[in-house]
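Single-structure report; data block below.
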Amino acid sequence: MGDTTLHVLTGWGPAPADLVTEDGALTFSVPLPPDAPAPVPSPSTQGSPTQGSPASAPPAILLAGPGGTRAEVLADGTAVLRETSGAVVVGVVADGARLHATGDGVVEVVRLPRTDGADGAAGRAARVVVGGEPVLSAEWADRGDEGGLSLVVVPRPWVRTAGAAGAEAVWSALGRRTALGTDA
């Protein structure tokens, strides 16, 4: 994803075959090592995104942008890495993990325990999507049946399920497309 660096901490990482790059996004699972217990979040952070301490659980993945990048966890628990200009570098979405923004522009992925099914069996992996370029196309079109000239934006598939991180990434990308003009 451009200049973004993905660090997988020892024992937590996906196998290289598990890394899938499709259409502007990197998708992978973060397994829990077989001999390690599932990390348990503290009651003060369980279930809510935070930019504070990520409880006692160690991060499994670190995502860092180029120098000067800042990390931000959004209200829905998704995250973005932003350049100093405010432009979004990447969006991050995690299912079965919590995202934590550090002061030095790093997003930590902390795998959370979860139970799957009535038997209470613990889930063994979190799904993480790191999305880069969010827009397939954007162009002005005269859509007379919809009120005239409209900006038609076609997002990449990862954006459609990326919540606030996807929306922030699209707005940021449209702002960088000077060919669309100032009306965009």
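Values below: all heavy atoms of this structure, side chains included; hydrogens, waters and symmetry mates excluded. All of these numbers come straight from a predicted model, not from anything done at the bench.
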Check against side-chain contact (heavy atoms from CB on, under 4.5 Å), Glu133 and Val135:
CA-CA 6 Å; Glu133 176 56 43; Val135 177; 3.7 Å; yes
Run Val170 and Val159 through side-chain contact (heavy atoms from CB on, under 4.5 Å) and show every step you take.
CA-CA 8 Å; Val170 167; Val159 170; 3.6 Å; yes
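In terms of the side chain to side chain donor-acceptor pair (under 3.5 Å) criterion, Asp142 has no residue partners (sequence neighbours excluded). Listed by chain and number, the residues in a side chain to side chain contact (heavy atoms under 4.5 Å, CB included) with Leu149 are Trp140 (sequence neighbours excluded). Here Arg70 pairs with Glu72 under the salt bridge (charged side-chain N to carboxylate O under 4.0 Å, His left out) rule; sequence neighbours left out. Every residue two or more places apart in sequence or in another chain was checked for a side chain to side chain donor-acceptor pair (under 3.5 Å) with Thr69, and none qualifies. Annotation: side chain to side chain contact (heavy atoms under 4.5 Å, CB included) contacts of Ala79 (sequence neighbours excluded): Val73, Val92, Leu99, Val107.
Nearest approach of Val80 to Glu168, heavy atoms of both residues: CG1-CB, 4.3 Å. The heavy-atom pair separating Trp158 from Ala169 by the smallest distance is CH2-CB, 4.0 Å. Ala64 and Leu81 get closest at one heavy-atom pair: C-CD1, 4.0 Å. When every heavy atom of Pro155 is checked against every heavy atom of Leu136, the shortest pair comes out as O-CD1, 3.7 Å. Nearest heavy atoms, Val106 versus Ala71: O-CB, 3.5 Å. Taking each heavy atom of Arg82 and Val89 in turn, the nearest pair found is C-CG2, 4.2 Å.
Between Thr161 and Val93 the shortest side-chain heavy-atom distance does not fall below 4.5 Å.
Although no hydrogens or angles enter the test, the distance criterion places no donor-acceptor pair under 3.5 Å between the side chain of Asp95 and the main chain of Arg127.
Here the OG1-CG distance, from Thr102 to Leu62, works out to 8.0 Å after rounding to the nearest 0.5 Å.
Here salt bridge (Lys or Arg N to Asp or Glu O under 4.0 Å) pairs that include residues 155-167, with residues two or more places apart or in two chains, are Asp23-Arg156.
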